[in-house]
Amino acid sequence: MAPSHLKQLDYSIVQLCIHCGLCLPSCPTYDATQLERNSPRGRIALMRAIADGRLEPTRTFAEEMYFCLGCLACMTACPAGVNYAELFERARAEAERSGVLKSPARNWIRGVTLRWLFMDLARLQLAGRALRLYQELGLQTFVRRSGFLKLFPQRLRELEAMTPPVQAQFSAEMISPVTLPAGPKRYRVAVLTGCAQDLIFSDVNRDTVEVLARNGCEVVTPPEQHCCGSLHGHNGEWELARQLARRNIERFPPEQFNAIITNSGGCGSHLKHYAKLLAGEPAWEARAREWDRKVKDVHEWLVQIGIQRPSPDQPAQNVTYHESCHLCHGQKITTQPRQVLKAIPNLHLVELPESSWCCGSAGIYNLIQPEMAEQLLKRKMKHIRSTNAHVVATGNPGCLLQLMNGSNGEGLGLRVVHPVTLLAEAYRRDGPTYAKQLRL
C-alpha cells in the first residue's frame with residue numbers, strides 16, 4: 001500500500017487548529033446537522049488521529065471526508081490560518097489510499113471519469129459530441145416524454161434531469177489560437193478553456209478572450225489543452241493531479257506570458273497551487289512557482305490592468321452576484337468581480353444575502369451528496385428571489401449550472417451568466433466584435 005498522505009503531511013498544519021470553533025457558523029454541513037463530526041474542527045480531529053497513528057482510516061472517516069463540501073469557508077473564518085484546503089485534499093487521498101470505499105460500481109465510475117475521460121480531453125469532447133447529437137436529434141426530449149425513465153431508480157432520473165445542454169461549438173471551434181488586441185498590445189496572456197467548461201460554457205471562453213482583447217491583451221488559446229487537475233486533486237487522485245500539473249506547465253510555459261488566465265473559480269483555486277503539488281521535484285519546482293505567480297482569475301487580471309469601460313449607452317439591468325466558494329474563500333477574490341460588473345453602465349448590482357454561502361454544486365458534490373446539495377440550493381434560491389433581480393452572475397461553471405437548475409426547477413426564468421459575458425455584451429454594443437478572429 002502507498003504511504004499515508006496524512007502521516008507524511010507537515011504536522012504543523014494539523015497543529016494549527018486551536019479548536020476555537022469560530023469555523024462552525026461558516027460551515028454549511030455543520031449548520032445543517034449541528035453534529036461536531038460534520039464540522040471542520042471535527043474533521044481535523046479525525047485527520048489528526050490518523051496522522052498520530054491513533055486511528056486507521058475507516059469507512060466512516062472516508063464518508064465524512066466526502067460529506068465535506070470543500071467550500072473552504074472555514075479558511076476565511078479561521079483566526080489561526082489553518083490550511084484546510086491542503087488538509088481536505090490529503091484526507092480524501094487518504095480515504096482512496098485505504099480503499100475503504102471501494103466497490104465494483106464505484107471503481108468503474110472513477111475509472112471511466114477520473115482516469116480515462118478527464119485525463120484526455122479529446123475523449124471528453126467525443127463524449128460531449130455524442131451527448132450533443134442525442135440532444136439535437138430530439139432523442140433526449142423523446143426519452144423524457146415517453147415515460148421510459150420511470151423504469152429507472154429515482155436517483156438516475158434525477159441525474160438525467162441535471163444533464164446540461166452541450167454547446168453547438170467547443171472553444172477551439174470558436175476561438176483562434178492567437179487573438180490580437182483591439183489596440184496597442186499591452187500584454188501577452190494565455191487562456192485556459194477547461195474541461196466541462198469547454199463542453200457546456202464554451203461561449204464564456206469566447207467572451208473571456210474577447211474581453212481580454214478589448215483590454216489590450218494578445219490572447220493565446222491553444223486548441224489542445226488539458227484538465228487542470230482540480231477534479232482529481234479534490235477527489236483523492238493525488239498522482240493524477242500531479243501528472244496534469246506537469247502537462248499544463250509544458251503546454252503553457254509560464255515564462256512566455258504576462259498572465260495565465262482562468263475564468264473558473266474552482267479551477268483557479270487549484271491552478272494557483274501547482275508549486276505545492278510538485279514540491280520535491282527539482283525538475284518542476286521552480287517552474288511551478290512561476291506558474292503559480294502567473295495564474296490569474298479573469299476578474300483579478302482585468303482589475304489589475306484597468307478595465308476599459310463600455311460606452312454609456314447600455315440597457316438598464318438589475319444583477320445580483322453569487323460568489324463561487326473557491327473564488328472567494330480559496331482565491332480571496334471578492335471585490336474584483338463586483339468591480340467588473342460595476343464597470344458596465346446602467347447595471348445596478350443588488351447585493352445577495354449570504355452571497356458567499358455555498359450553492360451546493362461544489363465540484364461533483366451535487367452528484368454524490370444530492371440531499372445536502374438540494375438543501376443548499378433551496379436556501380440560495382430563496383435569497384436570490386429576495387433581491388428581485390432578473391440576472392444572477394457567478395464566476396464558476398459548477399455554480400452556473402447549479403443555479404440554472406435551481407431557476408428552472410422553481411420556474412423563475414432567471415438569466416444565470418458569467419460576469420465576463422455581461423461585459424463582453426456591453427463591448428459588442430460599442431461596435432464590431434472580433435468575428436473573424438473568434439470564428440463567430
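From a predicted model like this one, the values you see are computed outputs, not experimental measurements.
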Donor-acceptor pair, H418 side chain versus N263 backbone, under 3.5 Å?
yes
Are the side chain of K294 and the backbone of P253 linked by a donor-acceptor contact shorter than 3.5 Å?
no
Backbone of M119 reached by a side-chain donor or acceptor of R247 within 3.5 Å
yes
Using the rule given for side chain to side chain donor-acceptor pair (under 3.5 Å), can you reason through S311 versus D430, listing the C-alpha separation, both sets of side-chain angles and the distance that settles it, and then say yes or no?
CA-CA 6 Å; S311 70; D430 291 352; 2.5 Å; yes
Minimum side-chain heavy-atom gap I260-N248 below 4.5 Å
no
Angle between ring planes, F88 versus H234, binned at 30° and 60°: parallel, tilted or perpendicular?
tilted
Looking at Q336 and H299, would you say the former's side chain and the latter's main chain have a donor-acceptor pair under 3.5 Å?
no
Less than 4.0 Å between a side-chain N and a carboxylate O, is that true for K276 and E89?
no
Between R214 (side chain only) and A424 (backbone N and O only), is there a donor and an acceptor less than 3.5 Å apart?
no
Nearest 0.5 Å, please: how far is SG in C358 from CG in L69?
4.5 Å
To the closest 0.5 Å, what do you measure between NE2 (H322) and CG (N396)?
8.0 Å
Could you list the donor-acceptor pairs under 3.5 angstrom formed between side-chain atoms of residues 70-77 and any protein atom two or more places apart in sequence or on another chain?
{"residue": "T76", "atom": "OG1", "partner": "H329", "partner atom": "ND1", "Å": "2.6"}
{"residue": "T76", "atom": "OG1", "partner": "K332", "partner atom": "NZ", "Å": "3.2"}

Flag, side chain of D198 to backbone of F170, donor-acceptor distance under 3.5 Å:
no
Please determine, by modelled atom types, if N38 and E64 share a side-chain donor-acceptor pair under 3.5 angstrom.
yes
Please report the C-alpha distance between R415 and T421 in whole Å, then the side-chain angles of each, then the deciding distance to 0.1 Å, and finally whether the side chain to side chain donor-acceptor pair (under 3.5 Å) criterion is met.
CA-CA 12 Å; R415 186 183 183 202; T421 293; over 6 Å; no
Within the supplied structure, the quantity of interest is the number of heavy atoms (other residues, nucleotides, ligands) at a distance under 6.0 Å from H273 NE2; does it exceed 12?
no
Going by atom types only, do Q225 and R251 share a side-chain donor-acceptor pair under 3.5 Å?
no
Pair E239 + R242: basic N to acidic O under 4.0 Å
yes
Please state whether the rings of Y274 and W291 are parallel, tilted or perpendicular, taking 30° and 60° as the class boundaries.
parallel
R188 side-chain N/O to E218 backbone N/O, donor-acceptor pair under 3.5 Å
no
Side-chain (D292) to main-chain (A275) donor-acceptor, under 3.5 angstrom:
yes
OG of S356 to CG of L327: how many Å apart, nearest 0.5 Å?
11.5 Å
Evaluate Q135 against V166 for side chain to side chain contact (heavy atoms under 4.5 Å, CB included), listing each step before the verdict.
CA-CA 8 Å; Q135 292 170 342; V166 176; 4.0 Å; yes
Rounded to the nearest 0.5 Å, how far apart are CD of E290 and CD of E255?
7.0 Å
Do the charged groups of E96 and R106 touch, with an N to O distance under 4.0 Å?
yes
Could you tell me whether the side chain of R287 and the main chain of P254 form a donor-acceptor pair under 3.5 Å?
no
Tell me, yes or no, whether the heavy-atom count around Q34 atom CD, taken from other residues, nucleotides or ligands under 6.0 Å, exceeds 12.
yes
Verify, without hydrogens or angle tests, whether R338 (side chain) and L349 (backbone) share a donor-acceptor contact under 3.5 angstrom.
no
Find out whether the Lys NZ or Arg CZ of R37 is both under 6.0 angstrom from the six-membered ring centre of F67 and within 45° of the ring's axis.
no
